[in-house]
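Following: one structure in C-alpha cells, then a few remarks.
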Amino acid sequence: MTSSESKRYSDFIRDIITGDLVAGKNNSRVHTRFPPEPNGYLHIGHAKSICLNFGIAAEFGGLCNLRFDDTNPVKEEVEYVESIIEDVRWLGFDWGDRLCYASDYFEQMYQYAVELIKMGKAYICDLSADEIREYRGTLIEPGKESPYRNRSVEVNLDLFSRMRTGEFPDGSRTLRAKIDMSSGNINMRDPVIYRILHARHHRTGNTWCVYPMYDFAHCISDSVERITHSICTLEFEDHRPLYDWFLYQLNIYHPQQIEFARLNLSYTVLSKRKLVELVEGGYVIGWDDPRMPTIAGLRRRGFTTESVVNFCERIGVAKRDSIVDIALLEHCLREDLNKRAPRIMAVLRPLRVVIVNYPEDKTEELDAINNPEDQGMGTRKVPFSRVLYIERDDFREDPPKEFFRLAPGREVRLRYAYYIRCAEVIKDNKTGEIIELRCTYDPQTRGGDSSDRRKVKATLHWVSAKHAIEAEVRLYDHLFLKADPNEVEESKDFKSNINPKSMGALNSCRVEPSLANAKPDSRYQFERLGYFCVDPDSSKNKLVFNRTVTLRDTWAKIEKKQKIGS
RNA sequence: UGGGGCGUCGACAAACGGCAAGUCAGGAGACUUUGGAUCUCCCAUCUGGAGGUUCGAAUCCUCCCGCCCCAGCCA
C-alpha cells in the first residue's frame, strides 16, 4: 500500500472499535454486518453504510456479513434481494460464505420467544391494533397495561403455539414483551414482538404464519452471527434499550449497537418510501433511471465504483444530521473519470461547417491523443474532410465579451486539425436560423500548430460530416429543483419540486467513427462537454449515450454572471 | 409537556484542556491544442448563546436557545 492509499479515515465508530480492541473485548474480533430489508433498491445512503461496515471489517482484519432482514413477508420480494446482492458486489465488497437471512433464524427466534414467555417476560395480547395504540399512551402520557398482561405462563404458551399452527386470523393476537407501560421511551411500552401474518414468505414459503418484529429479530440475528459491532442509523437510538433488554433477558451473546447519522444529499431524496413513490408513480423510468440516487441508477448513469466508494469515505461518519452537497459526489466522479476515461470528439448540437478552400474529395487521418492524463492510453486517427460539424454553442454571430470561440471573421483552432476562419454565415431565408458556416483553413496549421506561433483563443471539437456516426444522447440534470426537495408549500409534497427538465434527449448528435463498436457501459469523455457512457438501450444500428456529468464549465459560469449583471 | 440525540466556515468534517486540520463549493491568478486537467493564493481571531472553573476552554460545569427522532401488529 502506498502512502496515498494508506490515508485513514477516522471517526467515532472506528475510535470505539479501536478502544474495544485495546481493551481486548470480543477476543479482539471485529465482525459487522450490513442488514438491508429486501423491500426496495439500495441507494447511495445505503452505500455509505455498506462502505462503513465492510470498510471497518477490512481495516480491522474482521468480517462483515450481508444479511437480509426479511421478517416482513408482505413487503419483501426476491427481485429486491437479487438487486441488493448485485449492488453490494458492484460496490466491490465480498461477504464470503456469509450471505445470511434473518428468516434462517425463525425457529431459533421462536424458541427464544418461548423462553421469554416461560420467564414471565412476554405475553399473548388479544387487543386489536387500534386498542394497542390507545393503550400505548402518548409522548407525554404513560400507557395503560393490557388486560391480558397477566395471563399465566401456561395460557401464554398454549396460545403462542396455537398462533404458530395457524389457528387464529391475522391481527387477532400478538406476542408482547412485558416491560414498562409507563416508560418515557415508547419502545419499552410492551412492544409487540410477534404478529400473525398468513403471508407467503419469499424464502420460507408457508412454513410460518407468525413473524417476529424488527426489534426482536435484529438483536437475535446479530447475536447468533456473533456480530461485535451492530452499526445502524440514528433513528434506532431509541431502540437500543430494547435491543439490550432482549439480549439481557435471554442471556445470550451481546453485540454493541452504535448509531450514526444517515446520509442526505442535496437535490435528491434518499428515503425508500419516496423512491418507491417516484418509481410507482411513473415520475422516473424505473429503479435504474439514471436520475435516481439508487446504486442501479448511478451505475446506469455511468458512475464508477471507485467514485462512489471514495465519496462515502470523504463524507465522514458522525452523529449530526447533515445534507451533503451533491457537488462533492460529482467532484469525486469527475476526479475518477478524468484519470480513466478515453477522450473522443462528439457534437451534440451540430452546426454544419464547409471549409471552402479544402478539396472536395480529400480525407486526412489526424492523430488524436486518447487521454492526456495517461500517455499509456495511446493515440488514434480521426478523419478530417471538407464538411464538418461543430457545436452550435461554439459560434456566435454577435459574440459577447469574453466569448473566445468562433465568430464572423474570427480564427480558432479545430482540435488536432487546422486553424479555421469564419468567412460567411449562411442563414435560412425564412427563419433566419443559421444553417451553415463557410470557413477557410490554413494548410500550414495541420495538427493544430501554426509555424508563426500565432495564437488563437479557442480550440473547438468537431467531427467530419461524412465519417461521423449519428447517436442519441440523453442529458440529465438534478431530479429536484430545490437543494432540499422537502421544502414545499403547504398542501404540496416533495414531488412538486421535481425538475421538469431533469431529463432530455438529443437525437441528431454526431460522434467520431472510433465509437462505432462502443460497448454498453463503456465511458468516454466527449472533449469539452463532459463524461458519457453507452446506455444498455444501445443497439447495433443506434448508439445511445447517457451524459454522466458535465465537465467544469468556466464559460457557462461567466455567461451566467453576465446575464445576472445585465 | 415525556424519552432519546445533535449544534465547529455556504456544505461535509477534524481537533479528546495547550492556542480552530482537510475536502467540496466560492473568489483571484498562472499554465493550457479540452474555457477540461494541473498549480498558486484567498475564504471561521473563532466553535448556537450567556455565565462559571482554569495560567489556558470548541473541549469541563451551569443555565438558556435552536434543530432532529420516537405514539406501525414497518424496518
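The sequence lines fix the lettering, A, B, ..., with proteins before strands; numbering per chain opens at 1.
Residue A:Glu37 is classed as a sugar-phosphate contact, given heavy-atom separations below 4.0 Å to backbone atoms only. The residue A:Leu265 sits apart from the nucleic acid: no heavy atom pair falls under 4.0 Å. Counting non-hydrogen atoms under 4.0 angstrom, A:Pro142 reaches nothing in the nucleic acid. Residue A:Ala129 is classed as a base contact, given a heavy-atom separation below 4.0 Å to a base. Nucleic acid contact for A:Leu328: sugar-phosphate only, since backbone atoms but no base atoms lie under 4.0 Å from a heavy atom of the residue. Within 4.0 Å of A:Arg314, counting heavy atoms only, lie sugar-phosphate atoms of the nucleic acid but no base atom. A:Ser128 comes within 4.0 angstrom of a nucleotide base, judged by non-hydrogen atoms across all strands. Here A:Val549 lies out of heavy-atom contact (under 4.0 Å) with every strand. Counting non-hydrogen atoms under 4.0 angstrom, A:Arg334 reaches nothing in the nucleic acid. When heavy atoms are screened at a 4.0 angstrom cut-off, A:Asp449 is found touching base atoms of the nucleic acid. A:Lys272 comes within contact range of no nucleotide atom at all, as no heavy-atom separation falls under 4.0 Å. Looking at heavy-atom distances under 4.0 Å, A:Arg405 makes contact with a base. Here A:Asp15 lies in heavy-atom contact (under 4.0 Å) with a base. Within 4.0 Å of A:Ile558, counting heavy atoms only, lies at least one base atom of the nucleic acid.
Between B:rU32 and A:Arg415, no contact under 4.0 Å exists linking OP1 or OP2 to a side-chain N or O. One finds no side-chain N or O of A:Lys557 lying less than 4.0 angstrom from the OP1 or OP2 phosphate oxygen of B:rA25. Between A:Arg240 and B:rG4 there is no side-chain polar atom (N or O) within less than 4.0 angstrom of OP1 or OP2. For the OP1/OP2 pair of B:rU34 and a distance below 4.0 Å, the side-chain nitrogens and oxygens of A:His461 include no atom meeting the criterion. A sub-4.0 Å separation between OP1 or OP2 of B:rG36 and a side-chain N or O of A:Thr554 is present. Side-chain N/O atoms of A:Thr71 include one lying less than 4.0 angstrom from OP1 or OP2 on B:rA75.
Computed from coordinates, the A:Tyr80 OH to B:rA75 P distance equals 16 Å when rounded to whole Å. Across the protein-nucleic acid pair, A:Arg67 atom CZ and B:rA75 atom P stand 13 Å apart, rounded to whole Å. For the pair A:Ile326 CD1 and B:rU23 C1', the interatomic distance rounds to 17 Å; values are reported in whole Å. If you measure from atom OH of A:Tyr194 to atom C1' of B:rC74, you get 16 Å, rounded to the nearest angstrom. Taking atom CD of residue A:Glu373 and atom P of nucleotide B:rU38, one finds them 7 Å apart after rounding to whole Å. Between A:Asp484 atom CG and B:rC12 atom P there is a gap of 11 Å when expressed in whole angstrom units. Rounded to an integer number of Å, the gap from A:Leu333 CG to B:rA37 C1' is 16 Å. When rounded to the nearest whole Å, the span between NE2 of A:His201 and P of B:rA75 equals 10 Å.
Relative orientation of the A:His218 and A:Tyr243 rings is tilted, given thresholds of 30° and 60° on the angle between their planes. Note: A:Phe68 and A:Tyr101 have parallel aromatic rings, judged against thresholds of 30 and 60 degrees for the angle between ring planes.
If you look at A:Phe106 and A:His201, their ring centroids are closer than 6.0 Å.
Partners of A:Arg528 by side chain to side chain donor-acceptor pair (under 3.5 Å), not counting sequence neighbours, listed by chain and number: A:Asp394, A:His461. For A:Arg392, the side chain to side chain donor-acceptor pair (under 3.5 Å) criterion is met by no residue, not counting sequence neighbours.
Between A:Asp367 and A:Lys381 there is a salt bridge, since at least one side-chain N of the basic residue sits less than 4.0 Å from a carboxylate O of the acidic one. With salt bridges taken as basic N to acidic carboxylate O contacts below 4.0 Å, one links A:Glu225 and A:Arg67.
Checking side-chain atoms of A:Lys482 against main-chain N and O of A:Glu487 turns up a donor-acceptor pair under 3.5 Å. A:Thr445 places a side-chain N or O within donor-acceptor distance of the main-chain N or O of A:Tyr419, the cut-off being under 3.5 Å. The backbone N or O of A:Arg413 sits nowhere less than 3.5 Å from a side-chain atom of A:Thr459 that would complete a donor-acceptor pair. In this structure, the side chain of A:Asn53 does not engage the main chain of A:Phe34 through any donor-acceptor pair within 3.5 Å.
Side-chain contact between A:Leu265 and A:Phe311: present, with at least one pair of heavy atoms (C-beta onward) separated by less than 4.5 Å.
Between the side chain of A:Arg552 and the base of B:rG35 there is no donor-acceptor pair of N/O atoms closer than 3.5 Å. You'll find a donor-acceptor pair under 3.5 Å spanning the side chain of A:Gln525 and the base of B:rU34, going by distance alone.
A distance cut-off of 5.5 Å between ring centres, combined with a plane angle under 30°, leaves A:Tyr214 outside any stacking arrangement with the base of B:rA75.
A donor-acceptor contact closer than 3.5 angstrom links the side chains of A:Glu259 and A:Gln257.
With its glycosidic angle within 90° of 0, B:rG72 adopts the syn conformation.
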What side-chain donor-acceptor pairs closer than 3.5 Å can you find for residues 230-238 of chain A, not counting sequence neighbours?
from     : atom 1 : to       : atom 2 : distance (Å)
A:Ser230 : OG     : A:Arg33  : NH1    : 3.1
A:Ser230 : OG     : A:Asp222 : OD2    : 2.6
A:Thr233 : OG1    : A:Glu235 : OE1    : 3.1
A:Thr233 : OG1    : A:Glu235 : OE2    : 3.1
A:Glu235 : OE2    : A:Arg262 : NH1    : 2.8
A:Glu237 : OE2    : A:Lys319 : NZ     : 2.4

Going 5' to 3' along nucleotides 64-72 of chain B, which nucleotides have protein heavy atoms under 4.0 Å from the base (write B), which only from the sugar-phosphate (write S), and which from neither (write -)? ----SBBBS

Which string of ( ) [ ] | and . matches RNA chain B, if you list each base 5' to 3' and count Watson-Crick or G-U pairs only when both distances are under 3.5 Å? .((((((..(((.....[...))).(((((.......))))).....(((((..]....))))))))))).....

Any protein N or O atoms within reach of nucleotides 7-9 of chain B? Criterion: under 3.5 Å, listing atom names and distances.
from  : atom 1 : to       : atom 2 : distance (Å)
B:rU8 : O4     : A:Arg320 : NH2    : 3.3

